[in-house]
Amino acid sequence: MGMGAFGFRRLHSNRERKRLMGVRVRFAPSPTGHVHIGNIRAALFNWLFARHEGGQFLLRVEDTDRERSTPEAIATLLDVMQWLGLAYDEEPLFQTSQEPSHCRAAARLLEENRAYRSAKDGEGEAIVFRIPWEAEQVPGVEVCGSAELAVHPDEPVEVRAEGLGYAGVSKKGKAVTGGVSCLAGFRDLEVSDGGGRCLLVLADVLDRVFAGDSLRVPGAVCLRFTRRAIAFTDLVKGRLSKPLDSMRDFVIVRSDGHPVFHLGNVCDDVTQGITHIIRGDDHVENTYRHLFLFHALGAEPPRYAHLPMIVNAAGKPYSKRDGDAFVGDFRDKGYLPEALFNYLALLGWNPGDAREKMDRAELVRAFALDRVQQSPARMDPRKLLNLNGQYMAEMDPGAFRAGARAVAASAPWGDRIDEALFGRVAALMQTRTKVYTDALGWGYFFVDTPEYDPKAVRSLLCRTGVAGALSALLESLCRVDFADVGALEQAVQAAAGAAGLEPGSLNQPLRAAVTGCTVGAGVFETLAVLGRKRTLARIPHALRLAGLVPATGEG
RNA sequence: GUCCCCAUCGUCUAGUGGCCUAGGACAACGGGUUCUCAUCCCGUAAACAGGGGUUCGACUCCCCUUGGGGAUGCCA
């Protein structure tokens, strides 16, 4: 509350802090294939969270896998995001452009002795990040108490700066060689043999070991140490932790000089000022490591929210190789982005009430990470189809027509579409359409002779009295106004009545005769759209097909 | 092997110790409305993985088992 410069500075820094604390999230796909449903769902949750919080949603293209990253994959990624309405703020950051900065960070870590060079398998020297021995300085690291680990005496315990190597004991008493565990996992370590004699006290040799010495301790059966763990509170899973003795130092720069994912990812999160990381829970293991990296880089780690995976019909998580889960395929199959968006939002999240059909604004308003599910979800194509049908039924007729028209263009009859007629058909079919590709079945409106379903022809047209009634109907239809649905209905009912048929019982046979199939919009509306010419031509054609009147030259 | 995570109808889910005789949605099935289909309406079937605790009381808390997934890469 002071005055003058001090007060002003305070105000300024508060504003500055507020700017820095505004929510900034990112979607960080690697463009190595088609974006699948699981990825895009993560993007969507990031987007919803950012919009709900009034924050920023950033895009980062993690294209450091130069072998497999392609410009095409980047293009489809952007395309699909735009289609789904996942607009990002600021310019996308391409990770490869950050490589110099990643390398500088690695150099600094090396200088500060937080990382070291290591040659392995004759691959040259990579830079490896060390889980710090002084781990307690890292927020989230806690002491769990003393721990004991049985080791197999046949294999020596190896102590090196890179970590502790030892063989565990399997249930059957065999030696199981694990990898090397980071030294930081074994505070106060004492190695002892079967007689309980202490073979080694780590503290006594620590300086030597970090200086490069490596020790082999044969005949050990027990490791006694103080266990430490790294913990964090996940916004969806709650408190998560992992003991350090189950971790190992990890490579941050390959021997070819290129930084690896862990370094790049963390550096970019720092430079982009990311406040919340929302990603698939296949990343929780990475988080434990990244927490150490953030600290070593002198940065505050972001909050984390790990989303459960979306699994396929077989119950397996979607992978980049699962072609069938490519988001773009849903567009091609005739789904509406709004519907897919809505459906995906409900996969692993719910608003806490019975609402399901929710538009974007509603989802943004309702979205909260604490209502995200902890268990994996399986995609249900039938529910998506149902939801899509709801959206289609309610959408703007002009938009529906345009969408259906685009799909119809790829039909065999797509090059013979009368636009005015198409408009009438679309209006007629909209409420009963589930996906745009349903329009592929509208061909009978646009071709001279539709394809007839033989079963329908047989079962409907061969009924007693039907052939006669249809022939009689042919006469009266010559005089009916086809624009008058009521008049059409009257004519059909009259023909049925005259033939001694139940009212309405001529409807399905008539439908089969003029459309070739058994389902569709109301038969009189269909007739009206079809028009007199095609109706009059098709009825006798169908009767001939059914063998009810003699063929007259044409097949 | 080790470590981490997860577990309610076929599927998505509600449920935060008594309101649960476990609710909803999609799908399924039956019925009604309608000329068919879709819509709409009514109804039926369908789940707390198993075992131990804790508690007066457990779907809810703890432990174990089982099952699933992830990590354990100089992939991201």
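Worth saying up front: this structure is predicted, and the values here are computed from it rather than measured. Naming: A, B, ... by sequence-line order, numbering from 1 per chain.
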Point to revise | Closest to the A/Val176 side chain, choosing from B/G1, B/C75, B/G24 | key: B/G1

**Study point:** Under 3.5 Å on both distances, the Watson-Crick or G-U partner of B/A49
**Key:** B/U65

Exercise for review: Using only heavy-atom distances, decide whether a donor-acceptor pair under 3.5 angstrom links the side-chain of A/Arg382 to the base of B/C26.
Suggested key: no

Check your understanding: With both distances under 3.5 Å as the test, what is the Watson-Crick or G-U wobble partner of B/U16?
Key -> none

Exercise for review: To the nearest 0.5 Å, tell me how far A/Ile310 CD1 sits from A/Arg378 CZ.
Suggested key: 12.5 Å

**Study point:** Gap in Å between the two C1' atoms, one belonging to B/A47 and one to B/A22, rounded
**Key:** 9 Å

Review point. Does the cation-pi check pass for A/Arg248 over A/Phe250, that is, NZ or CZ under 6.0 Å from the six-membered ring centre and within 45° of its axis?
Key: no

Study note, to complete from the structure: pair_partner(B/C29), Watson-Crick or wobble, both distances < 3.5 Å, evaluates to B/G43

Practice item. Counting Watson-Crick and G-U wobble pairs only, both distances under 3.5 Å, name the nucleotide matched with B/A71, or none. Key: B/U2

Review point. Which base, if any, makes a Watson-Crick or G-U wobble pair with B/A38, both distances under 3.5 Å?
Key: none

**Study point:** Given B/C4, B/C12, B/C35, the nucleotide with the shortest approach to the side chain of A/Pro243
**Key:** B/C4

Practice item. Ignoring the backbone of A/Phe524, work out which of B/C35, B/C74, B/A76 is nearest its side chain. Key: B/C35

**Study point:** A/Glu338 and A/Asn342 side chains, donor-acceptor separation under 3.5 Å
**Key:** no

Review point. Nearest to the side chain of A/Gln508 - B/C4, B/C35, B/A27?
Key: B/C35

Check your understanding: Looking only at side-chain N and O atoms, does A/Gln373 come under 4.0 Å of OP1 or OP2 in B/C6?
Key -> no

Check your understanding: Does the cation-pi check pass for A/Lys333 over A/Phe330, that is, NZ or CZ under 6.0 Å from the six-membered ring centre and within 45° of its axis?
Key -> yes

Check your understanding: Which nucleotide in the list B/U36, B/A76, B/U13 gets nearest to the side chain of A/Ala377?
Key -> B/U13

Review point. For the side chain of A/Arg254, counting heavy atoms from C-beta on, which of B/C5, B/U11, B/C74 is nearest?
Key: B/C74

Exercise for review: Among the candidates B/C35, B/A71, B/G24, find the nucleotide nearest to the side-chain atoms of A/Arg511.
Suggested key: B/C35

Exercise for review: Drop me the distance from A/Ile274's CD1 to A/Asn265's CG, to the nearest 0.5 angstrom.
Suggested key: 9.5 Å

Review point. Below 3.5 Å, does any donor atom in the side chain of A/Lys383 face an acceptor in the base of B/A25, or the other way round?
Key: yes

Check your understanding: For the side chain of A/Lys237, counting heavy atoms from C-beta on, which of B/A76, B/C12, B/C5 is nearest?
Key -> B/C5

